[in-house]
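Whatever order the structure lists them in is the order used to number ligands and atoms, beginning at 1. The first residue in the sequence is number 1, and the count goes up from there.
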Amino acid sequence: MKVAVFSTKAYDRQFLEAANPQNQHELVFFEPRLDRDTAILATGFPAVCVFVHDRADAPTLELLASQGTRLIALRCAGFNNVDLKAAAELGITVVRVPAYSPYAVAEHTVGLILSLNRKIHRAHSRVREGNFSIEGLLGFDLNGRTVGIIGTGKIGQIVGQILKGFGCHLLTYDVYRNPAVEKLGAKYVELSELFANSDIITLHCPLTPQTHHLINTEAIQQMKQGIMLINTSRGALIDTTAVIEGLKSGKIKYLGIDVYEQESDLFFEDLSEKIIQDDIFQRLITFPNVLITGHQAFFTEEALRNISETTVANISDFEQGRPCQNEIAAQQKVAAKV
Ligand code: NAD
C-alpha cells in the first residue's frame with residue numbers, strides 16, 4: 001500500500017523501514033506535520049501515517065478523503081488529534097498502536113522522580129564546572145514515602161511495581177480498579193484522599209474532557225506542602241498557570257514533566273537558535289526545581305520497534321480487508337460493551 005508518513009524524523013524512517021521488509025508497503029516520508037496546508041502532499045496515497053502533533057481535524061480529513069485517503073495509521077496510542085466522527089463520516093478507517101512499551105514511559109517517570117529528588121541534573125552541571133559542593137542537593141529517601149498514582153492502566157501499573165520495589169506506599173485513583181495493582185498492596189482512594197496524603201503524585205490517565213486540568217488550583221490546595229508532581233501523560237492534565245503559582249508558593253517543591261499543554265509549538269524541534277515566544281514555558285524553566293523533557297518518555301528501541309511493527313501490521317490488515325484489532329472504532333465498541 002502507498003503510505004504518506006508525516007512528521008518524519010530519522011528514527012521514524014529507520015524503524016519503519018526495518019519493519020517493512022521487501023518493501024511490502026511503499027512508504028514515502030515527509031518531514032512536515034499533517035495539517036490543512038500539508039494534506040496535499042498525500043494526494044493519491046490511500047494510507048497516511050501520523051504521530052502525536054499531526055492534526056487530523058475535520059477539514060484536513062475532508063481534503064485527504066477527496067484525494068483518495070482511506071486509512072489513517074497513528075504511530076502512537078493517543079488519538080486526541082484525530083476527529084474520529086469526521087473520519088467515520090468520510091469512510092476513513094483510523095488505526096493506532098495501543099501499547100508498545102509501557103516500560104519505556106514508566107521507567108522515564110521513575111527517572112524524573114530520582115533526578116528531581118537527588119538533583120542529578122544539577123549535580124552533573126556543577127561537577128562539569130569543577131564545583132564539587134553538595135550544598136542545595138539534599139534529597140530524601142524514597143523508601144517509606146507515599147506515591148499517589150492517578151490512572152492505573154498499563155503504565156501506571158508498572159510505575160507502581162517499580163516504586164513498590166523502592167519501598168514506597170501506593171495510593172491509587174482510577175475509574176476502574178486494576179487487580180494487579182491491588183495485589184501490589186496499593187490502596188484505591190478518592191482523589192481528595194490521594195491529594196492529601198501523597199508525597200509524590202504521578203499522572204498516568206488519558207487526556208479526556210473529564211481529566212482536562214485535573215491538577216488545578218483547587219487540587220493543589222488539597223495537596224501536602226512540598227509535594228513532588230510528575231506528568232508523563234498529556235500536558236493538559238495540568239493547569240500550568242496554577243502549577244506555577246504552586247511552585248512560587250512552595251506548595252509544589254518539585255515538578256517533573258515530559259509533556260506540556262502547548263508542546264506542539266515546541267517539542268520535537270531544535271529551536272536552540274530561535275526566540276521562544278511561550279512565556280509560560282519560559283517561566284517554568286526558570287525554576288531550579290523543575291525538570292522538563294520534551295516528550296521522550298516513549299523513546300526506547302523496544303518501543304520504536306513495536307510501534308513500527310504494529311503500524312505496518314495495521315496497514316497490512318487494512319489492505320487485506322482483515323478485521324484490525326487496533327481499529328479505534330472497533331475498540332470503542334468493545335469498551336462500550338464492557
Ligand atoms: P491505559 O489505557 O492502559 O491506562 C489509562 C488508565 O487511565 C486506565 O486504567 C483508565 O481507566 C484510566 N482513566 C481513564 N479515565 C480516567 C479518569 N477520569 N481518572 C482516572 N483514571 C482514568 O493507558 P497507558 O498505556 O497506561 O497510558 C497512559 C497515558 O500515558 C496515555 O493516555 C498517554 O496520554 C500517556 N503516554 C505518554 C507517552 C509519552 O511518551 N510521554 C507515551 C505513551 C503514553
Joint cluster assignment, V48 & I315, ILVMFWY side-chain distance < 4.5 Å: no

Residue-level breakdown please: for H295 versus ligand 1, do any non-hydrogen atoms fall below 4.0 Å on the side chain, on the backbone, on both, or on neither?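 Side chain only.
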
If we set the cut-off at 4.0 Å for heavy atoms, which region of D258 has an atom near ligand 1: side chain, backbone, both, or neither? side chain

Between D239 and H213, is there a donor-acceptor pair closer than 3.5 Å when you use the side chain of the first and the backbone of the second?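 Checking the backbone N and O of H213 against the side chain of D239, no donor-acceptor pair under 3.5 Å is found.
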
Quick check on contacts: which atoms of ligand 1 are under 4.0 angstrom from a heavy atom of [X]?
X	value
T211	17 (C), 18 (N)
V175	11 (O), 13 (N), 14 (C), 15 (N), 16 (C), 17 (C), 21 (N), 22 (C)
V105	38 (C), 42 (C), 43 (C)
Y173	19 (N), 20 (C)
Y176	11 (O)

Do [X] and [Y] get their side chains close enough for a donor-acceptor pair, meaning under 3.5 Å?
X	Y	answer
T300	Y103	no
T146	N197	no
T208	T211	yes

Derivation of the side chain to side chain contact (heavy atoms under 4.5 Å, CB included) call for F30 and V28: CA-CA 7 Å; F30 296 106; V28 178; 3.7 Å; yes

Tell me if the centroids of the rings in F6 and F45 come within less than 6.0 Å of each other.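 No, the ring centres sit 6.0 Å or more apart.
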
Strictly under 6.0 Å, is that where the ring centroids of F268 and H295 end up? yes

Please list the nearest protein heavy atom to [atom] with its residue and the distance rounded to 0.1 Å.
atom	value
atom 36 (N) of ligand 1	R234 NH1, 3.9 Å
atom 1 (P) of ligand 1	K154 NZ, 3.7 Å
atom 14 (C) of ligand 1	P206 CD, 3.4 Å
atom 30 (O) of ligand 1	S233 OG, 3.5 Å
atom 5 (C) of ligand 1	H204 O, 3.7 Å
atom 27 (O) of ligand 1	I155 CD1, 3.3 Å
atom 11 (O) of ligand 1	D174 OD1, 2.6 Å
atom 42 (C) of ligand 1	Y100 OH, 3.2 Å

Do the charged groups of K9 and E269 touch, with an N to O distance under 4.0 Å?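 Salt bridge present between K9 and E269.
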
Check this for me, if you would: do K248 and E245 make a salt bridge, where the nitrogen-to-carboxylate-oxygen distance has to be below 4.0 angstrom? yes

Work out whether the distance between some heavy atom of T232 and some atom of ligand 1 is less than 4.0 Å.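 Under 4.0 Å: yes for T232.
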
Under 4.0 angstrom from ligand 1, any heavy atom of P102?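 P102 does not count as a contact of ligand 1 under the 4.0 Å cut-off.
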
Atom pair CG (L284) and OG1 (T286), whose distance is rounded to the nearest 0.5 Å: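 Interatomic distance, L284 CG to T286 OG1, rounded to 0.5 Å: 7.5 Å.
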
Ligand 1 to F298 polar contact by distance, N or O atoms, under 3.5 Å: yes

